[in-house]
Amino acid sequence: MAQNARQPITPEWLSRPSTEVAPDLLGCTLVRQVESGQIYRGLIVETEAYAPGDPACHAYRRPTKRNQVMFGAAGMTYVYLIYGMYHCLNVVTDLDGVPSAVLIRALELETVPPWSEQKERKLNRIAAGPGKLCRAFNIDLSLSAQALSPGQPLWLEHRSPTFEHKLEQGAIAFVQTTRIGLTQGTDIPWRWYIKDCPAVSKL
């Protein structure tokens, strides 16, 4: 997918409830810059929202060393580890003091990063899941509580005009449904994905 010069997404744009930001991030781009300066991009095709009062939210009970960044200003990363082996990337949203975040669940990659161990698999499945995308983009706990900003290891870019046009014309559609992989809050419809996209994670 061709990438033109895009406007970076600012903390101000992210300073809204996660339930508004999550669907708005579909079609935006996650950018990964490694130490060599090489840049890799992936189209965001699936997201989940987590907010105050949500029993599935890591910040549901109180601030901890792990979730502290969720209580801060928007535009930061929140990376955590599940099952002792998979990392998950979240974008902190809403106002300072309001614990809220959007989980990036799947990406449609442009290219396969050279360190990927899945070079023989289909490109659209390499980042089809939160753990998969972190592995594909080499995202771990060292990238948590970092500003999402150009020049940093991670940042976000707005949708392309082409994507916006297809969305307006109905050539691209979004699906809203319940979140997956949870034990609490399973009935809350705060998961969004691009309809018929082959890069969306599978149940």
Side-chain angles (χ1 to χ4, degrees), residues 1-15 18 21-22 24-48 50 58 64-93 96 101-160 163 199-201:
M1 182 173 294
Q3 294 283 341
N4 303 315
R6 304 270 179 82
Q7 286 295 318
I9 290 176
T10 64
E12 290 75 19
W13 189 87
L14 294 167
S15 298
S18 58
V21 175
D24 286 352
L25 279 174
L26 294 180
C28 295
T29 299
L30 176 67
V31 186
R32 174 72 164 104
Q33 181 170 265
V34 296
E35 290 184 5
S36 67
Q38 184 67 39
I39 290 175
Y40 300 93
R41 286 180 164 86
L43 190 78
I44 299 173
V45 300
E46 183 180 1
T47 59
E48 285 182 349
Y50 293 86
H58 285 186
T64 64
K65 184 177 180 180
R66 181 174 83 156
N67 69 27
Q68 185 65 47
V69 67
M70 290 183 69
F71 289 82
M76 303 292 287
T77 60
Y78 170 45
V79 181
Y80 61 84
L81 189 66
I82 58 172
Y83 309 127
M85 61 187 299
Y86 298 114
H87 293 91
C88 295
L89 172 66
N90 297 259
V91 176
V92 177
T93 61
D96 195 353
V102 173
L103 171 66
I104 308 300
R105 280 200 56 91
L107 301 174
E108 184 178 83
L109 299 183
E110 290 184 352
T111 58
V112 182
W115 57 79
S116 176
E117 299 175 354
Q118 307 176 65
K119 294 179 181 178
E120 302 305 318
R121 296 187 61 187
K122 292 182 178 179
L123 181 62
N124 58 28
R125 300 307 301 167
I126 291 176
K132 289 182 178 181
L133 77 86
C134 283
R135 185 168 53 192
F137 267 14
N138 202 16
I139 296 170
D140 58 22
L141 296 178
S142 69
L143 297 183
S144 191
Q146 303 292 311
L148 287 156
S149 178
Q152 298 298 316
L154 293 165
W155 70 89
L156 298 164
E157 294 174 347
H158 283 288
R159 295 169 180 165
S160 69
F163 187 94
V200 169
S201 65

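The shown structure was predicted, so the numbers you read here are calculated from the model rather than taken from an experiment.
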Student check: side-chain heavy atoms of [X] and [Y] closer than 4.5 Å:
{"X": "L107", "Y": "I44", "answer": "yes"}
{"X": "I126", "Y": "L133", "answer": "no"}
{"X": "W155", "Y": "I39", "answer": "yes"}
{"X": "V34", "Y": "P153", "answer": "no"}
{"X": "C28", "Y": "E157", "answer": "no"}
{"X": "N90", "Y": "Y80", "answer": "yes"}
{"X": "L143", "Y": "R32", "answer": "yes"}

**OP:** Take L89 and L154, measure what side chain to side chain contact (heavy atoms under 4.5 Å, CB included) needs, and give me the verdict at the end.
**Re:** CA-CA 10 Å; L89 172 66; L154 293 165; 4.2 Å; yes
**OP:** Quick one: do K132 and Y86 satisfy side chain to side chain contact (heavy atoms under 4.5 Å, CB included)? Show the steps, please.
**Re:** CA-CA 8 Å; K132 289 182 178 181; Y86 298 114; over 6 Å; no
Check [X] against [Y] and note the closest heavy-atom contact, atom names and distance.
{"X": "C88", "Y": "I82", "answer": "SG-CD1, 3.8 Å"}
{"X": "A147", "Y": "M76", "answer": "CA-SD, 3.7 Å"}
{"X": "L123", "Y": "E110", "answer": "CD2-O, 3.6 Å"}
{"X": "A106", "Y": "A128", "answer": "CB-CA, 4.1 Å"}

Original post:
Checking T47 side chain against L103 main chain: does a donor-acceptor pair fall under 3.5 Å?
Top reply: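 No, T47 side chain to L103 backbone: no donor-acceptor pair under 3.5 Å.
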Subject >> Side-chain donor/acceptor of T93 to backbone N/O of S15, under 3.5 Å >> reply: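 Flag not set: sc T93 to bb S15 has no pair under 3.5 Å.
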Subject >> Working for side chain to side chain contact (heavy atoms under 4.5 Å, CB included), residues D140 and C134 >> reply: CA-CA 7 Å; D140 58 22; C134 283; over 6 Å; no
Subject >> Residues forming a ring pair (Phe, Tyr, Trp, His ring centres under 6.0 Å) with H158, sequence neighbours excluded >> reply: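 Testing H158 for ring pair (Phe, Tyr, Trp, His ring centres under 6.0 Å), a comparison that skips the adjacent residues, returns W13.
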Subject >> Side-chain H-bond candidate by donor/acceptor type, Y40 with Q38, under 3.5 Å >> reply: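 Distance-only check fails for Y40 and Q38.
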**OP:** Output all residues satisfying side-chain hydrogen bond (donor to acceptor under 3.5 Å, both in side chains) with N138, sequence neighbours left out; order by chain, then residue number.
**Re:**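 Result, side-chain hydrogen bond (donor to acceptor under 3.5 Å, both in side chains) vs N138: none returned.
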**OP:** List in chain and number order the residues that pass side-chain hydrogen bond (donor to acceptor under 3.5 Å, both in side chains) with S149, two or more places apart in sequence or in another chain; answer none if no residue qualifies.
**Re:**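 Scan of S149 (side-chain hydrogen bond (donor to acceptor under 3.5 Å, both in side chains), adjacent residues dropped) gives none.
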Original post:
Taking only residues two or more places apart in sequence or in another chain, which ones pass side chain to side chain contact (heavy atoms under 4.5 Å, CB included) with S144?
Top reply: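 Once residues adjacent in sequence are excluded, the partners of S144 under the side chain to side chain contact (heavy atoms under 4.5 Å, CB included) criterion are Y78, V79.
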**OP:** Any chance you could lay out the side chain to side chain contact (heavy atoms under 4.5 Å, CB included) test for Y50 and V102, step after step, and finish with the verdict?
**Re:** CA-CA 6 Å; Y50 293 86; V102 173; over 6 Å; no
To the nearest 0.5 Å, tell me how far [X] [atom1] sits from [Y] [atom2].
{"X": "T77", "Y": "L141", "atom1": "OG1", "atom2": "CG", "value": "10.5 Å"}
{"X": "L14", "Y": "L148", "atom1": "CG", "atom2": "CG", "value": "7.0 Å"}
{"X": "D24", "Y": "L26", "atom1": "CG", "atom2": "CG", "value": "8.5 Å"}

Subject >> Positive for side-chain contact (heavy atoms from CB on, under 4.5 Å) with L156, one of L25, T29, T10 >> reply: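 Checked L25, T29, T10 against L156; only one passes side-chain contact (heavy atoms from CB on, under 4.5 Å): L25.
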Original post:
salt bridge (Lys or Arg N to Asp or Glu O under 4.0 Å) with R159: which residues, sequence neighbours excluded?
Top reply: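 Result, salt bridge (Lys or Arg N to Asp or Glu O under 4.0 Å) vs R159: E164.
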Subject >> Partners passing salt bridge (Lys or Arg N to Asp or Glu O under 4.0 Å) against E46 (at least two apart in sequence or in another chain) >> reply: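 R105, R191.
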